[in-house]
Number of protein chains: 2
Amino acid sequence: MTEHRHPHEAGHEAGPCCGGDAVIERAERLCRERDLQFTRLRRDVLKAVAEAGRPLGAYDIAERLSEPGRRVAAVSVYRALDFLTEHDLVHRIASRNAFVPCAHSHGEGAGLVFMICRSCGGIDETTSPEIEDQLGRTLARAGFRPASRILEVEGECEACLQREGAA
Amino acid sequence: MTEHRHPHEAGHEAGPCCGGDAVIERAERLCRERDLQFTRLRRDVLKAVAEAGRPLGAYDIAERLSEPGRRVAAVSVYRALDFLTEHDLVHRIASRNAFVPCAHSHGEGAGLVFMICRSCGGIDETTSPEIEDQLGRTLARAGFRPASRILEVEGECEACLQREGAA
DNA sequence: TCCGAGGGTGTTACAGTGTATCAGCCCCGA
DNA sequence: TCGGGGCTGATACACTGTAACACCCTCGGA
């Protein structure tokens, strides 16, 4: 994970790297392949999350999508988010009740790790097969059959550490 | 369920193993040592969580503690829970908005893993220094300085798997 | 003895998060 | 043309969590 350093930071508004378009294109492709409906609402919700540059709550999203003449209720957003999370287009951050776009198209069940920065509020994700291995062993030892998991770390991201160091 | 297999299972109401008393005693000792106040409310909340045998929400706890003549408001429960989690006497399960007693007195910062059973709703915890090692390496590679983390796995616990197998 | 500070609790109010339910719409196939 | 299924809109509601303020108690000074 050397080059790919683009945390969903506050202020990092949708570059060409991870901005709306790339995610949307991936979503369109995926929905075509799996014969799913990529409706306007779902597209709009995904776009909002992708362009926000920071984790958004469902009600934030509803507000962003609402405009005079079109009111988007939170419940509709939740349904769209259910769809998007189910197909790994966005991730839910349990410790924040918030959603971020899925940065990479990682393989199925890759060991996802979310890093949540206390300073800038940004969230970045990475993967680690080694952690997944160890976790698998640990669970096997306990006789537990896993179906899904969340691993979220709170702390200080690289950018904020450097900023502090410089200050 | 051999020796130390005592998930906080539905129906597993407070054995002598992990039941209220042991946890309460540990809490009393800890509070004496650190010169903290183990008040009636804090004790009652801890007791409720320990005896429930399953993860409880704050409002569940408030209800359990309330009786004719004493109404315990959720906000008071939250304050007690803040205290108890801060001192590692209970843990918060982020993916469920619920609380369980801390089963073992594990060392500081031990890599805690929560296993949440979909069938019985029980939650068991374990630790794995190996996972912690790997996680540390992964975060270092990303330049991220961790402060706290959560690792929660959903699936099927040993007891439920056996029950299914037998059925 | 009085007084003030600090911590814990009670209470009300409210913000934020998530779900249940029903009705309407649209598309597609029989 | 008629259903059925999937998506959306809308209302209502339950659950989760926090803010703000008042009260009480204890403890250490003045």
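Below, chains carry the letters A, B, ... as their sequence lines are ordered, and counting in each starts from 1. Both backbone and side-chain heavy atoms feed into the values below; hydrogens, waters and symmetry mates do not.
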*Sequence-distant partners of A/Arg42, salt bridge (Lys or Arg N to Asp or Glu O under 4.0 Å), two or more places apart*: none
Whole angstrom is fine here: how far is it from [atom1] in [X] over to [atom2] in [N]?
| X | N | atom1 | atom2 | answer |
| --- | --- | --- | --- | --- |
| B/Arg71 | C/dT11 | CZ | C1' | 7 Å |
| A/Asp35 | C/dG29 | CG | P | 11 Å |
| A/Gln37 | C/dC25 | CD | C1' | 12 Å |
| B/Arg42 | C/dT9 | CZ | C1' | 10 Å |

_Donor-acceptor side-chain pairing of A/Ser119 and A/Glu156 below 3.5 angstrom_ = yes
*If we ignore angles and hydrogens, is there a donor and acceptor under 3.5 Å between the side chains of B/Gln37 and B/Thr39?*
no
*Look at A/Glu154 together with A/Arg118 and state whether they make a salt bridge at an N to O cut-off of under 4.0 Å.*
yes
*asked:* Counting neighbours of CD on B/Glu63 that are heavy atoms of other residues, nucleotides or ligands and sit closer than 6.0 Å, is the number greater than 12?
replied: no
*Outermost DNA chain D nucleotides near chain A [under 4.0 Å, heavy atoms]*: D/dG6 to D/dT11
*Remember a base hit wins even if backbone is also touched, and classify B/Ser76 as base, sugar-phosphate or nothing at under 4.0 Å, heavy atoms.*
base
_Connected via hydrophobic side-chain network under 4.5 Å: A/Val113 and A/Leu139_ = yes
_Centre-to-centre under 6.0 Å for B/Phe99 and B/His91, is that the case here?_
no
*Candidate list A/Leu151, A/Val153, A/Ile131, test side-chain contact (heavy atoms from CB on, under 4.5 Å), partner B/Thr138, passing option*: A/Ile131
*Can you check each nucleotide of nucleotides 15-20 of chain C against protein heavy atoms at under 4.0 Å and return B for base, S for sugar-phosphate only, - for none, in 5' to 3' order?*
--BBBB
